[in-house]
Chemist: 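My questions will all concern the structure given below.
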Amino acid sequence: MKLFAIFGDPVSHSHSPLMHNCVFKKLNYKACYTRVHLLDGSKLKKTFFSLGLSGANVTVPHKEEAYKACDEVRGFAKNIGVVNTLINENGRLIGYNTDADGFMYAIKDFGKVNNVLILGAGGTAKALASRFMQDNIKVSVLNRSQGRLSYFKEIGCNTSDWESYSTKKYDLVVNTTSAGLKDEELPAPKEIIVDALENTSFVADAIYGKVTPFLRLAQEKNITFKDGADMLLGQGVLANELFVNKELKLEDIKTNMLRSFEI
Ligand code: NDP
């Protein structure tokens with residue numbers, strides 16, 4: 001029996017155990033997936049191996065720490081220094097990022113987007129910004145503090161903090177901050193959020209399982225929006241494919257993972 005887990009702080013809200021266990025159970029794959037509340041990200045690697053894990057997901061706030069913990073990082077994660085999926089490959093820790101492609105899957109319904117405003121400048125923002133740039137989508141990033149904006153400037157995004165924000169038109173505004181996850185906060189002062197919402201066609205939030213204050217405002221303004229559930233599904237399907245080393249078909253993983261959203 002293989003053991004998988006999700007590391008995070010907080011982690012009790014995570015839907016990942018249900019998603020992956022649904023796939024393992026329905027497809028008779030001998031594995032089990034649990035959650036680990038990890039306060040200190042620097043203990044990630046030690047904890048991973050002491051639990052005898054075959055693989056793991058990493059959520060807020062440890063994704064950048066997860067990158068540093070890896071013996072090898074593969075694919076898109078190398079561009080951004082952010083890892084959300086870990087695989088134990090013969091005692092070596094291999095890191096991947098499935099968040100960005102998961103998000104691209106989620107926003108397919110919105111059609112072609114050319115101009116995106118990302119709220120927040122953490123690991124998820126990096127993954128999305130870098131992935132959008134790959135598709136020649138114009139990216140602006142707004143964060144409450146300056147410190148984390150330098151990465152985005154370097155890759156060619158427009159950047160601003162709350163002080164320097166100015167009105168522009170967007171196709172999509174996406175919240176990647178954790179404002180609204182455990183609290184009822186907006187990702188930026190209300191006047192900025194209202195202005196951004198009045199200048200966009202679509203809205204998305206990376207947070208799932210609740211209508212955040214940000215999505216509530218979008219709803220009030222009749223803007224088409226989605227929470228992070230489809231992103232969660234997208235990243236989960238891709239992570240599961242890595243966990244089972246492609247022994248299961250992607251389509252079967254998706255069908256069975258989707259069932260976990262009905263529970
Ligand atoms: P990080 O900790 O890397 O980044 C958090 C960002 O949010 C930072 O830019 C931080 O700003 C900002 N922030 C935090 N609190 C506030 C606040 N109260 N007001 C304004 N800005 C704030 O987090 P991640 O990128 O890993 O995750 C962000 C969110 O995305 C989480 O809620 C996570 O659950 C969700 N997520 C969902 C996924 C899904 O599948 N649906 C996948 C990945 C993430 P500062 O730099 O100033 O500190």
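One-based numbering, in listed order, for ligands and for the atoms of each. Sequential numbering from 1 along the given sequence is applied to the chain's residues.
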Chemist: Looking at the rings of His37 and Phe7, which for Trp means the six-membered one, are their centres under 6.0 Å apart?
Modeler: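 No - the distance between ring centres of His37 and Phe7 does not fall below the 6.0 Å cut-off.
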Chemist: Please walk me through it: do Lys63 and Asp99 pass side chain to side chain contact (heavy atoms under 4.5 Å, CB included)?
Modeler: CA-CA 11 Å; Lys63 291 183 189 183; Asp99 281 334; 2.7 Å; yes
Chemist: Does Glu241 come within less than 4.0 Å of Lys249, counting only side-chain N to carboxylate O?
Modeler: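 Between Lys249 and Glu241 there is no salt bridge, as every charged N stays at least 4.0 Å from the carboxylate O atoms.
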Chemist: Tell me the nearest of Asp183, Leu181, Leu233, Leu232 to atom 34 (O) of ligand 1, using heavy-atom distances.
Modeler: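 Of the listed residues, Leu181 has the closest heavy atom.
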Chemist: Report the nearest protein non-hydrogen atom to atom 20 (C) of ligand 1: residue, atom name, distance rounded to 0.1 Å.
Modeler: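 Answer for atom 20 (C) of ligand 1: Pro187 O, 3.2 Å.
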Chemist: Among all protein heavy atoms, pick out the one at the shortest distance from atom 12 (C) of ligand 1; state its residue, atom name and that distance to 0.1 Å.
Modeler: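 The closest one turns out to be Thr177 CB, 3.7 Å.
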Chemist: Of all the atoms in ligand 1, which lie at a distance below 4.0 Å from a heavy atom belonging to Ser178?
Modeler: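 So the answer, numbered in order with elements, is 7 (O), 14 (C), 15 (N), 32 (O).
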Chemist: Check this for me: Lys26, atom NZ, are more than 12 non-hydrogen atoms of other residues, nucleotides or ligands nearer than 6.0 Å?
Modeler: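 12 or below, so no.
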Chemist: As an exercise, identify every atom of ligand 1 less than 4.0 angstrom from a heavy atom of Glu185.
Modeler: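 Those of ligand 1 that fall under 4.0 Å from Glu185 are 17 (C), 18 (N).
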Chemist: May I ask you to list the atoms of ligand 1 that are less than 4.0 angstrom from any heavy atom of Ala121?
Modeler: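 Counting atoms of ligand 1 from 1, those under 4.0 Å from Ala121 are 9 (O).
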Chemist: Run down the list Asn143, Thr176, Asn84 and name the one with the heavy atom closest to atom 28 (C) of ligand 1.
Modeler: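 Considering heavy atoms of Asn143, Thr176, Asn84, the nearest to atom 28 (C) of ligand 1 sits in Thr176.
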Chemist: Counting only heavy atoms not in Glu247 (residues, nucleotides, ligands), do more than 12 fall under 6.0 Å from its CD?
Modeler: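 Yes, the 6.0 Å shell around CD holds more than 12 heavy atoms from other groups.
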Chemist: Which residue supplies the protein heavy atom nearest to atom 48 (O) of ligand 1, what is that atom called, and how far is it?
Modeler: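 Looking only at protein heavy atoms, the one closest to atom 48 (O) of ligand 1 is Arg144 NH2, 3.2 Å.
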Chemist: Between Leu149, Thr124, Ile207, which one has a non-hydrogen atom sitting closest to atom 26 (O) of ligand 1?
Modeler: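 Nearest option to atom 26 (O) of ligand 1, by heavy atoms: Thr124.
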Chemist: With a 4.0 Å heavy-atom cut-off (strictly under), which part of Met231 contacts ligand 1: side chain, backbone, both or neither?
Modeler: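 Answer for Met231: both.
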Chemist: Has ligand 1 got any nitrogen or oxygen that is less than 3.5 angstrom from a nitrogen or oxygen of Ala206?
Modeler: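 Between Ala206 and ligand 1 (N or O atoms, distance only) the closest approach is under 3.5 Å.
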Chemist: For ligand 1, which atoms have a heavy atom of Gly120 less than 4.0 angstrom away?
Modeler: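 Atoms satisfying the 4.0 Å criterion: 9 (O).
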Chemist: Are more than 12 heavy atoms, taken from residues, nucleotides or ligands other than Lys25, located less than 6.0 Å from that residue's NZ atom?
Modeler: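 Result for NZ/Lys25: open.
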Chemist: Show me which atoms of ligand 1 lie under 4.0 Å from any heavy atom of Ala179.
Modeler: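 Near Ala179, meaning under 4.0 Å from one of its heavy atoms, ligand 1 has 17 (C), 18 (N), 19 (N).
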Chemist: Check whether any side-chain N or O of Asn84 sits under 3.5 Å from a backbone N or O of Val58 as a donor-acceptor pair, and report yes or no.
Modeler: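 Not a single qualifying donor-acceptor pair exists.
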Chemist: Any idea which of Arg148, His62, Lys126 brings a heavy atom closest to atom 6 (C) of ligand 1?
Modeler: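 Among Arg148, His62, Lys126, the closest heavy atom to atom 6 (C) of ligand 1 belongs to Arg148.
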Chemist: Within a 6.0 Å radius of atom NZ on Lys43, are there more than 12 heavy atoms belonging to other residues, nucleotides or ligands?
Modeler: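 It does not: Lys43 NZ has 12 such atoms or fewer within range.
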Chemist: Against heavy atoms of Trp162, which atoms of ligand 1 measure under 4.0 Å?
Modeler: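 Close to Trp162: 20 (C).
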Chemist: Which atoms of ligand 1 have any heavy atom of Ser145 under 4.0 Å away?
Modeler: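 Near Ser145, meaning under 4.0 Å from one of its heavy atoms, ligand 1 has 45 (P), 46 (O), 47 (O).
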Chemist: Taking distance alone, with no angle check, do Gly123 and ligand 1 share an N/O pair under 3.5 Å?
Modeler: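 Yes; the residue has a nitrogen or oxygen that sits under 3.5 Å from a nitrogen or oxygen of the ligand.
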Chemist: Whether the side chain of Lys226 engages the backbone of Asp205 through a donor-acceptor N/O pair (distance < 3.5 Å, no angle test) should be reported.
Modeler: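 Absent.
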Chemist: Any atoms of ligand 1 less than 4.0 Å from a non-hydrogen atom of Tyr208? List them with their elements.
Modeler: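 Numbered from 1, ligand 1 contributes 41 (N).
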Chemist: Check for me whether Lys126 meets the cation-pi criterion with Tyr151, that is, NZ or CZ under 6.0 Å from the six-membered ring centre and within 45 degrees of the ring axis.
Modeler: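 Yes, a cation-pi geometry holds between Lys126 and Tyr151.
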Chemist: For Ala229 and ligand 1, does the shortest N/O to N/O distance drop below 3.5 Å?
Modeler: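 So ligand 1 has no N or O lying under 3.5 Å from an N or O of Ala229.
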Chemist: Cut-off 3.5 Å, side chains only: do Asp195 and Tyr165 have a donor facing an acceptor?
Modeler: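 Short answer, yes.
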Chemist: If we count only N and O atoms by modelled type, under 3.5 Å, do the side chains of Asp171 and Ser201 hold a donor and an acceptor together?
Modeler: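 The answer is no; no qualifying pair exists.
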Chemist: Identify, for atom 2 (O) of ligand 1, the protein heavy atom at the shortest distance, and state residue, atom and that distance.
Modeler: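 Minimum-distance protein heavy atom for atom 2 (O) of ligand 1 reads Val60 CG2, 3.7 Å.
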Chemist: Starting from atom 43 (C) of ligand 1, locate the nearest protein heavy atom and write down its residue, its atom name and how far away it is, to 0.1 Å.
Modeler: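 Heavy-atom neighbour on the protein nearest atom 43 (C) of ligand 1: Lys63 NZ, 3.0 Å.
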Chemist: Check whether more than 12 heavy atoms from other residues, nucleotides or ligands sit under 6.0 Å from atom NZ of Lys45, and answer yes or no.
Modeler: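 Atom NZ in Lys45 is packed in, count exceeds 12.
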Chemist: Considering only the protein, which heavy-atom contact is closest to atom 4 (O) of ligand 1, and what is its distance?
Modeler: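 In this structure, atom 4 (O) of ligand 1 has Gly122 CA, 3.3 Å as its nearest protein heavy atom.
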